Amino acid sequence: MPSEVTEGKIARFSRSLTRLEEAPSYAKSRYQTDVFQEANRLLETDEGLEFLYQYAHRFDAAGVFQDGPWEDPSKLQPPLVAGSLQAKGLPYVIEMLSDLRMLAIAEGKGDHPKVSQEMAMEFLNEVMALNLDLLFPNASEASRIEKKENTVETQRLFQFISQYLSSSALSETLIYEIERLTAQRPITVKRTVSMIKMAKEMLRSETSDDQRRMLESYVSSIEGPSELSRSYQQPNEYRKQLMALSTEELRKESEQLGLSMRKTGLCSPHHSVLARFLSRKSPHLLSVLLQLTGKGKANLEEHAELVHQLIKVSLFPSTCQSVYGLALLLERGVLSASPVIPGLRRMIELDIRPEVRSALFNTVGEGEGLTANSILLAGVISVLGQPLGVGQGLNPTCQAARGISLWAQHAPGYLLEIIPRAARDGDIDMVFEGVQIHSKDLQGGLAPDLHPELDPVSLVLVPHLDRIYSEMMSRVALRGEDGHRWVNPAFYGNWVQKGFSTVIEPITGSVTDYPGFVRLFYATHHPEYNDDYELIYPNPVGIFITNVHGKMLGFHAVSIQRIAKSPDGEYRVYFYNPNNDGSQNWGQGIECTVMGKGELSGESSLPFEEFTSRLYAFHYNPYEQGDAYAVEAENISIVKSLAKESWGQDYTWISK
Amino acid sequence: MELDQLELNQTLQESQPEGKTIPYLTALIGWSLPAIEACDKLNRPFVVVGPPDFKDYAEKHDITFVGWEFDRLNEGSDKLYKQLKALGAEVAVPLYEECVEWAGALNSRFREEPRLFNRSLLLRDKGMMKRKAQMAGIKVGVFEEARDKEDVKRFLKRVNDALLKVDGDKYEPIHCKPLDKAGSVGHRAIDDPADIDALTDSDFPLLMESHLDGQEFSCEVFVNNGKIQFLNITEYVKLGYSNFVPPSPSLEEKRPIIRKAIEQLIEAFEIENGVIHPEYFIMPDGTLHFGEVAARVPGGHIFDLIERAYGFSAYEAQILCSDPNTTEEELRKFFPAEDEALGYAGCLMVHPHVNYIEKLTIPEELEDHSFFEKHDMFTPPQGKVAERVGFGNHYGTIFFFGDDSAEMTRLLVDYEKYDFYL
């Protein structure tokens with residue numbers, strides 16, 4: 001029940017703020033509570049924000065945020081805003097006030113030594129773009145189902161702030177966010193799709209023509225990229241319409257859908273309907289829909305019969321994303337690897353265990369009439385087509401995701417071997433130092449309760465891989481050396497090199513010879529020092545994850561895909577980050593990019609020395625070492641200071 | 001000596017009382033922002049002696065700070081004294097219970113009166129305190145120190161035997177409390193031998209005393225040079241939950257008897273400077289039973305209530321009175337008359353009645369009541385409620401101010417039962 005703003009409430013707030021203003025700096029905390037209390041009374045009202053905003057330019061100087069996490073606005077992070085707003089009690093009030101403070105800075109009403117008007121505006125734009133579900137309630141399914149704290153107040157705040165933001169700046173941020181997500185071409189597109197659905201709401205507000213076109217093209221990529229598909233949203237109606245098309249019209253339709261899919265990596269249910277239709281009626285147009293190059297076309301022709309079967313069994317409206325997977329699978333020529341064809345055929349008839357079956361069914365809507373085999377096969381097609389699109393979702397299972405991605409790239413036969421083992425037998429076995437390890441005999445792992453927002457292949461494999469990896473690690477835990485040395489080659493296979501180097505001396509937990517570590521990495525990986533040995537297989541490496549302030553958060557597993565010169569001539573490390581959020585900011589100006597620096601879809605990249613500064617362990621081929629001594633001391637010292645001032649703060653440095 | 005320093009010293013000399021050439025520092029023993037602020041407002045230079053955890057904060061805000069662990073018994077008090085002396089400190093003001101003997105030790109060194117320290121110890125051992133009071137002819141309940149559970153069982157039985165209870169009668173409770181903890185911390189009332197088993201070894205030694213009937217209240221007495229400068233009486237509505245200042249007329253009219261009792265206490269305990277916070281029970285016939293006395297900032301937000309009711313800062317008052325050099329004139333100017341309260345100031349300390357907090361509800365009638373001033377409660381982000389031991393920490397406080405002590409009592413009684421936390 002909204003209460004009303006009264007003169008009394010405003011006066012009380014004003015008094016409490018003045019008292020805080022007058023308090024000496026050490027005593028601010030004594031007076032902050034009253035300000036938060038009075039602010040909260042105003043926040044409960046419809047017009048309260050308006051009144052609070054009139055005071056917002058005084059908040060910083062008065063000490064409203066002093067000595068707390070919100071003190072320095074230049075350190076605030078847009079992704080954390082929603083969480084605070086939906087928290088109970090105090091964090092919510094402070095976040096509200098902090099956002100009003102930001103707005104005051106953005107509007108030039110208040111100024112801040114560390115945050116410029118533009119920075120504040122950018123911050124708010126990003127907050128808005130990340131929380132469109134709050135700005136446009138009802139746009140997302142989740143907001144309807146999950147009742148969150150402070151929903152009304154939060155929505156009021158977003159509406160209030162949005163009055164001051166230009167909708168075109170907001171659209172731009174939003175377009176950038178979507179672009180960033182799609183550039184990585186993830187297999188699971190739930191997040192992208194929900195952002196695009198919200199972007200649809202933006203079309204109602206004023207945006208520039210360019211932006212409108214961009215937004216519209218994203219919307220149409222998931223809702224129908226052609227005139228016909230837009231007009232007939234229901235798959236069955238669309239299918240009826242297709243029958244009436246002439247060959248030329250059909251070609252045009254295929255082309256439109258195909259181009260859209262290749263541009264965004266996103267498919268609409270129409271893609272599946274059209275693929276099925278073409279496969280039966282006009283197979284020669286399939287390559288148009290899939291927008292295949294010469295190599296893809298050749299593969300399609302060679303395996304037309306199988307592709308036909310795959311389409312029939314796996315491509316349905318709710319597995320439409322696999323149309324894109326199929327296109328890339330053909331481009332990659334995966335079908336030419338001899339174990340792949342029988343492997344795929346086996347999926348169709350596989351006897352899937354009930355628990356796996358129900359996990360698979362949960363990935364699609366109810367009443368679709370699909371079999372679990374169809375869903376699994378669609379998943380396999382996606383993984384084989386988009387090996388770098390595999391993600392760990394919300395699970396701490398980066399190692400398992402990295403494995404699936406690596407096998408999809410270089411050992412599809414092996415991958416097609418372990419999927420049926422897991423789906424049919426509920427077991428995967430690996431040999432580790434002569435001992436057979438069966439996942440069915442193991443408990444726990446890193447993710448005993450797997451978060452189900454994953455692609456079908458990961459859903460089937462991760463529970464097993466995760467337990468096996470954990471088991472291997474615990475078997476070597478007491479050896480006094482970093483266990484990844486032995487576990488990675490055993491787990492991932494012979495594609496992993498046997499040489500291994502790590503920053504941390506495991507027994508003392510200190511950094512011993514850092515320059516030596518860096519030199520070895522240069523000598524084995526940097527094209528100018530490693531005698532031109534190209535990286536052939538992805539190298540599973542360990543990195544320190546640091547936050548935007550360079551503070552260490554923990555360890556993470558990524559794979560180096562390749563090291564090459566970017567279009568503007570600098571050496572960059574191109575790597576696969578299984579968390580599907582490849583463009584993270586790691587502090588110290590180290591910002592991973594996912595596009596624009598020569599990245600292939602799904603790759604993240606960083607300049608060589610910046611990547612090196614976050615590295616803690618890597619594999620190398622002991623027979624392929626270059627000239628460690630040749631690495632410039634200057635490079636080493638750049639890397640070292642980046643390391644020492646970030647994650648290095650958490651370790652003792654014995655190293656020079 | 002440089003020229004500018006010379007000038008500086010001259011100006012300082014001018015502002016000092018006779019015989020004092022250097023501005024001396026007041027040492028605040030314990031970390032308390034309101035006390036720091038009060039010292040600052042009085043324009044008295046100060047140093048804070050507090051737990052080392054506060055060092056960074058003090059540095060950030062330019063507060064002269066000496067880190068000290070009060071809990072750890074150590075032989076290093078001499079080091080602390082020398083450190084403070086070197087900084088120019090001459091007065092120590094204790095702010096918390098565990099700081100009292102440290103301030104006592106320091107003051108006895110500052111003033112070269114060794115017995116000051118012993119007197120402070122008297123305030124830190126509830127057994128010794130009761131005995132001293134009894135020897136001075138002050139009425140106290142029956143008390144004993146207990147070393148183990150057997151002692152407690154025997155005491156409970158003997159007290160109830162004396163009350164002529166027979167088998168099957170409900171026992172009168174006895175009270176157990178730690179010898180050296182502030183006010184109600186760790187306080188338990190025991191009326192069933194089975195409750196004794198809940199005591200653990202770490203609870204011993206403890207003080208046991210018979211239950212005293214009568215209305216409980218506390219006094220906050222500002223003493224300078226052995227004389228009462230201001231006597232505040234705080235009426236307890238429910239111990240550990242609610243109290244208000246000044247007391248309702250029925251208790252207020254007992255002020256002369258109370259003042260007499262306090263004078264007796266000051267004499268017995270040889271208190272000279274600072275604030276004392278004794279607790280009494282008063283019988284309808286005006287008989288006073290002494291509960292206990294502390295020499296620090298009282299709990300229950302009483303200092304805030306005094307400020308609201310009388311308009312002076314009790315923290316400033318404490319600092320002024322702790323300094324033997326404060327003049328009579330300064331004190332007369334500082335304190336209002338005891339019968340000149342602006343109104344009744346009360347507070348309710350809210351404890352959740354549930355084990356897990358879903359949300360906070362503040363009824364509109366409360367916020368709309370003319371006595372309502374403010375509260376400091378938010379829904380805690382973490383719902384689980386910490387188990388309350390004795391009269392442990394409360395979750396929030398509601399402040400009231402008004403002109404009617406009966407209405408104040410009604411509010412405090414009614415809202416004590418209200419479920420603010422659901």
Side-chain angles (χ1 to χ4, degrees), chain A residues 1-6 8-9 11-17 19-20 22-45 63 66-69 71-72 80 83-97 147-151 153, chain B residues 28 31-43 46 48 50 54-65 301 303-304 307 313 315 356-364 366-370 372-384 395-399 420-422:
Chain A
M1 178 179 51
S3 42
E4 277 172 31
V5 170
T6 58
K9 283 180 185 166
R12 287 170 58 136
F13 175 76
S14 174
R15 255 201 316 275
S16 69
L17 185 65
R19 267 200 299 271
L20 177 65
E22 288 165 355
S25 88
Y26 58 79
K28 296 293 186 194
S29 64
R30 289 193 68 201
Y31 303 91
Q32 284 167 343
T33 309
D34 286 352
V35 172
F36 298 146
Q37 282 289 350
E38 299 303 340
N40 196 18
R41 290 196 175 94
L42 287 172
L43 288 174
E44 284 164 7
T45 67
Q66 192 183 301
D67 299 318
E71 180 167 4
D72 182 352
L80 300 183
S84 304
L85 288 174
Q86 285 156 358
K88 288 178 177 178
L90 202 48
Y92 144 77
V93 179
I94 304 178
E95 183 60 58
M96 288 288 235
L97 297 179
K147 174 88 181 77
K148 300 234 175 72
E149 294 285 323
N150 319 315
T151 315
E153 291 81 2
Chain B
L28 299 173
W31 178 267
S32 157
L33 286 177
I36 295 172
E37 224 187 323
C39 218
D40 212 2
K41 280 221 177 95
L42 289 169
N43 278 322
F46 62 92
V48 178
F54 291 99
K55 188 165 180 285
D56 290 344
Y57 190 85
E59 266 171 20
K60 183 175 171 191
H61 297 290
D62 293 324
I63 292 168
T64 316
F65 181 80
H301 304 277
F303 268 17
D304 297 326
E307 177 157 6
S313 158
Y315 290 95
Y356 192 88
I357 296 171
E358 277 290 331
K359 61 177 199 165
L360 174 74
T361 52
I362 307 288
E364 258 177 69
L366 170 65
E367 295 234 354
D368 292 343
H369 195 285
S370 67
F372 174 79
E373 289 237 304
K374 61 175 185 178
H375 73 80
D376 59 4
M377 291 181 280
F378 292 99
T379 312
Q382 272 266 324
K384 199 173 180 325
Y395 266 62
T397 310
I398 306 171
F399 290 92
F420 291 99
Y421 291 103
L422 293 175

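Model, not experiment: these values are computed from the prediction. Sequence lines set the chain letters: A, B, ... in the order given, protein chains first and strands last, and positions in each chain run from 1.
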With chain B, which of A:Gly8, A:Ser25, A:Pro91, A:Ala27 has the greatest number of heavy-atom pairs at distances under 4.5 Å?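 Ranked by heavy-atom pairs under 4.5 Å with chain B, first place is A:Ser25.
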
Count the heavy-atom pairs under 4.5 Å between each of A:Ser16, A:Ala87, A:Pro24 and chain B, then report the option with the highest count. A:Pro24

What part of A:Tyr92 gets closer than 4.5 Å to chain B, counting heavy atoms only: side chain, backbone, both or neither?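 The answer is neither part of A:Tyr92.
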
What part of A:Asp67 lies closer than 4.5 angstrom to a heavy atom of chain B: side chain, backbone, both or neither?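 For A:Asp67, the contact with chain B is made by backbone and side chain together.
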
Any chance you could measure B:Lys374, atom NZ, to A:Arg41, atom CZ, to the nearest 0.5 Å? 10.5 Å

Quick one: pull up CG in A:Leu90 and CE in B:Met377 and give me the separation to the nearest 0.5 Å. 13.5 Å

With sequence neighbours left out, what residues match A:Asp72 under salt bridge (charged side-chain N to carboxylate O under 4.0 Å, His left out)? A:Lys114

Any sub-3.5 Å donor-acceptor pair from A:Tyr26's side-chain atoms to B:Tyr57's backbone N or O?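 The answer is no, because no donor-acceptor pair under 3.5 Å joins these two groups.
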
Tell me whether A:Lys88 contacts the main-chain N or O of B:Glu358 through its side chain, where contact means a donor paired with an acceptor under 3.5 Å.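 Side chain of A:Lys88 to backbone of B:Glu358, a donor-acceptor pair under 3.5 Å: yes, one is there.
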
Shortest non-hydrogen contact between B:His61 and A:Gln66, atoms and distance: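 Nearest heavy atoms, B:His61 then A:Gln66: CE1-NE2, 2.9 Å.
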
Do the side chains of B:Lys60 and A:Glu71 get close enough for a salt bridge, i.e. N-O under 4.0 angstrom?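 Yes.
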
A:Gln37 versus B:Phe378: any side-chain heavy-atom pair under 4.5 Å? yes

Please look at B:Ile63 and chain A and tell me whether the side chain, the backbone, both or neither of the residue comes under 4.5 angstrom of a heavy atom of that chain.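 Contact with chain A: side chain only.
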
